[in-house]
Amino acid sequence: MTDTPLLHVDMDAFYASVALRERPDLVDQPVVVGGSGRGVVLAANYVARRYGIHSALPMARARRLCPQVVVLAPDFDTLTSVSASVMATFREVTPLVESISLDEAFLDVRGAVRRLGPPARIAEQLRSTVHDEHGITCSVGVAASVSVAKLGSRRAKPDGVLVVPPAEVASFLHPLDVGELYGVGEKTRALLHRIGLVTAGDVARTPLEDLQRAVGRHLGHELHHLAWGTDRGELHVGAGPRAVEKSMGAQETFARDSDDRDVIVRELLRLSARVAARMRAAGVAGRTVALTVRFADFTTITRSRTLAEATDVTVEIHGAATGLYDRLALRRTPLRLVGVRVEGLVPRATVHHQLALGEPDRGWAEADRAVDRATRRFGAAAVRPASLV
DNA sequence: TCTGGGGTCCTAGGACCC
DNA sequence: TCTGGGGTCCTAGGACCC
């Protein structure tokens, strides 16, 4: 058996690498993938990174850092299909694959060792297969726990492998800044630094109770395990609790801030229709409708309402969202973004609609399903609510 | 031209019930 | 007539991840 059965595989600059397969003429130039206007960088190739460009950077700043940067739009259909075939490659190694995004997955290779050799060799084979079959590079971390494998792949980038055996976990983790630990973001890092905990080793040496007093019970416990590399060693595979989504939402930043109720309510309709259609396609319904509003100064608030019964109907979701918006009673306050999310999703089949007294019928639900059929036949542009035409 | 869009999980207070 | 806990649901905010 092996003492490092987990692989974390992470595609290198995935969105950019996939885009560059179609544009090999650009490989030596700084390239980012992202939206235009008020967008951020989704991925930057390694040439662009030399200019200090990285993902999540506002596009405007990326252009300032490197005026000659080439900006490509993301092609989500291609990304999704490349991702699916890469994941299929992983499943040829082991059925125990936990995919955590389009470009990342954990593999438990315990059962593949006899067939394919030690994990380090499996990792190298996998990397060359991915490169040969899909034309992109990836990096792999190999360890006994999920978070150590993940940190390993980050350290191996780009285009490398790093194995962290159990005996070396402490010496690998403890020099790292706490901000490198999975689950420690900007805020928690700042808080920990403020109380003198700068490295993972500092956290590891702090008594659990002190840690929990500083950052909360749960996070304290979590941090302690992360700093010792004793987080989970089993993957969540297949029909686990994460197999079905718990919420679905859509949000959009306006090209220009808007304080016009008509514009905002129309945008809420567009978002509600998008969410409801995805819910119907997934066969789920939800009871709680949440509205997100972001102001010009970037402060963001949410308001939610739980309905008497779960729905997947556009007008019901839109009605709830509009009601929440009106209850805010904003007077000509410019909004940067609005969003609609439906939470508490359950399988559609478990929802039993009770016809309320005097309620006409389920006309709107039937209308939605007719729209779904027409969209499947003629495309999304063919069928829209009249107010969006 | 400053800061996207899709999510998950945790905390905390109040309501309400037993 | 004095002051319980525990559990669940709802709401709002915040941190984090990719």
Side-chain angles (χ1 to χ4, degrees), chain A residues 8 10-11 13-15 32-43 54-65 67 71 73-74 76 79-80 83 98-106 146-147 150-151 153-154 178-192 212 215-223 226 236 240-257 271 274-275 278 282 286-308 320 324 327-328 336-345:
Chain A
H8 179 255
D10 197 336
M11 304 299 134
F14 182 60
Y15 288 31
V32 300
V33 173
S36 51
R38 300 174 118 177
V40 297
V41 173
L42 295 172
H54 54 84
S55 53
L57 193 73
M59 197 61 82
R61 284 187 58 192
R63 287 188 196 281
R64 222 173 301 144
L65 286 168
V71 179
F76 284 104
L79 288 163
T80 303
S83 173
E98 176 181 339
S99 76
I100 53 178
S101 70
L102 284 183
D103 69 328
E104 266 182 71
F106 290 105
V146 156
S147 85
K150 181 133 170 68
L151 293 179
S153 71
R154 190 189 297 175
V178 283
E180 303 248 351
L181 298 178
Y182 187 78
V184 177
E186 207 182 320
K187 305 286 179 173
T188 306
R189 175 177 185 267
L191 186 146
L192 291 170
Q212 290 180 315
V215 301
R217 203 174 59 87
H218 183 90
L219 184 57
H221 195 258
E222 187 91 357
L223 278 178
L226 289 170
H236 300 153
R242 313 191 62 163
V244 56
E245 282 160 302
K246 296 178 174 166
S247 71
M248 282 191 191
Q251 58 178 50
E252 196 148 284
T253 297
F254 293 115
R256 300 183 58 175
D257 295 357
L271 296 170
R274 199 185 298 166
V275 173
R278 280 179 53 210
R287 277 182 67 205
T288 303
V289 176
L291 169 79
T292 300
V293 157
R294 176 169 294 153
F295 300 105
D297 70 355
F298 226 72
T299 58
T300 306
I301 61 173
T302 64
R303 292 292 181 271
S304 64
R305 185 160 97 84
T306 298
L307 309 174
L324 290 164
R327 218 167 63 189
L328 289 173
R336 179 187 178 89
L337 164 149
V338 289
V340 176
R341 175 164 293 278
V342 181
E343 301 166 351
L345 301 186

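A quick note: this is a predicted structure, and the numbers were derived from the prediction, not measured. Lettering follows sequence order; numbering is per chain, from 1.
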K.L.:
Would you please confirm or rule out a distance under 4.0 Å between OP1 or OP2 of C:dC10 and any side-chain N or O of A:Ser304?
P.N.:
no
K.L.:
Dot-bracket for DNA chain C, please. Rules: Watson-Crick or G-U, both distances under 3.5 Å, ( ) within the strand, [ ] when a pair crosses earlier ones, | for another strand, . otherwise.
P.N.:
....||||||||||||||
K.L.:
Taking A:Arg294 for its side chain and A:Thr300 for its backbone only, find out whether a donor-acceptor pair lies under 3.5 Å.
P.N.:
no
K.L.:
Assuming nearest nucleotide by heavy-atom distance, tell me which of A:Ser36 and A:His218 is located more 5' along DNA chain B.
P.N.:
A:Ser36
K.L.:
Of the nucleotides B:dC2, B:dG4, B:dT8, which one has an atom closest to the side chain of A:Arg61?
P.N.:
B:dC2
K.L.:
May A:Tyr182 be described as stacking on the base of C:dC17, applying a 5.5 Å centroid limit and a 30° limit on plane angle?
P.N.:
no
K.L.:
Which word best sums up how the rings of A:Phe76 and A:Tyr15 line up, parallel for under 30°, tilted for 30 to 60°, or perpendicular for over 60°?
P.N.:
perpendicular
K.L.:
Return the value, rounded to whole Å, for the distance between atom CG of A:Leu181 and atom C1' of C:dA15.
P.N.:
15 Å
K.L.:
Under 4.0 Å, counting only non-hydrogen atoms across every strand here, what does A:Arg256 touch: a base, just sugar-phosphate, or nothing?
P.N.:
nothing
K.L.:
Taking only the side-chain nitrogens and oxygens of A:Lys150, find out if one of them lies under 4.0 Å from OP1 or OP2 of C:dC18.
P.N.:
yes
K.L.:
Starting at the 5' end of DNA chain B, which residue's closest nucleotide do you reach first, A:Ser247 or A:Ala296?
P.N.:
A:Ala296
K.L.:
Looking at A:Arg303, does any N or O in its side chain come under 4.0 Å of the phosphate oxygens OP1/OP2 on C:dA12?
P.N.:
yes
K.L.:
Describe the nucleic acid contact of A:Thr188 in one word from base, sugar-phosphate, nothing, applying a heavy-atom distance below 4.0 Å.
P.N.:
sugar-phosphate
K.L.:
Heavy atoms from C-beta onward define the side chain here; which of C:dA15, B:dC2, C:dC18 lies closest to that of A:Pro58?
P.N.:
B:dC2
K.L.:
Using a cut-off of less than 4.0 Å, is there contact between a side-chain N or O of A:Ser101 and OP1 or OP2 of C:dC17?
P.N.:
no
K.L.:
Looking at CZ of A:Phe106 and NZ of A:Lys150, how far apart are the two atoms once the value is rounded to the nearest 0.5 Å?
P.N.:
6.0 Å
K.L.:
Side chain of A:Gln251 only, heavy atoms from C-beta on: which candidate in B:dT11, B:dG4, B:dG5 is closest?
P.N.:
B:dG5
K.L.:
Would one find more than 12 heavy atoms of other residues, nucleotides or ligands at under 6.0 Å from atom CZ of A:Arg274?
P.N.:
yes
K.L.:
Assign A:Ala290 to base, sugar-phosphate, or nothing according to its heavy-atom contacts below 4.0 angstrom with the strands shown.
P.N.:
nothing
K.L.:
Looking at A:Arg341, I'd like to know whether one of its side-chain N or O atoms comes within less than 4.0 Å of OP1 or OP2 on B:dG6.
P.N.:
no
K.L.:
Look at the side chain of A:Arg63 and decide which nucleotide, out of C:dT11, B:dT1, B:dG5, has an atom nearest to it.
P.N.:
B:dT1
K.L.:
Any side-chain N or O of A:Arg336 below 4.0 angstrom from OP1/OP2 of B:dC2?
P.N.:
no
K.L.:
Under 3.5 Å, which donor-acceptor pairs do the side chains of residues 179-188 of chain A form with other protein atoms, sequence neighbours left out?
P.N.:
none

K.L.:
At under 4.0 Å, does any side-chain N or O of A:Thr253 touch on OP1 or OP2 of B:dT3?
P.N.:
no
K.L.:
Reckon A:Met59 touches a base, only the sugar-phosphate, or nothing at all at heavy-atom distances under 4.0 Å?
P.N.:
nothing
K.L.:
At under 4.0 Å between heavy atoms, what does A:Leu42 touch on the DNA or RNA strands: base, sugar-phosphate, or nothing?
P.N.:
base
K.L.:
Run A:Thr253 and A:Arg336 through side-chain contact (heavy atoms from CB on, under 4.5 Å) and show every step you take.
P.N.:
CA-CA 6 Å; A:Thr253 297; A:Arg336 179 187 178 89; 4.0 Å; yes
K.L.:
Taking only side-chain N and O atoms of A:Arg189, does any of them lie within less than 4.0 angstrom of OP1 or OP2 on C:dC16?
P.N.:
no
K.L.:
Would you say the side chain of A:Leu223 lies within less than 4.5 Å of the side chain of A:Leu219, judging by non-hydrogen atoms?
P.N.:
yes
K.L.:
Of the nucleotides C:dA15, B:dC9, B:dT3, which one has an atom closest to the side chain of A:Arg38?
P.N.:
B:dT3
K.L.:
When you compare the side chain of A:Leu324 with that of A:Arg327, does any pair of heavy atoms fall below 4.5 Å?
P.N.:
yes
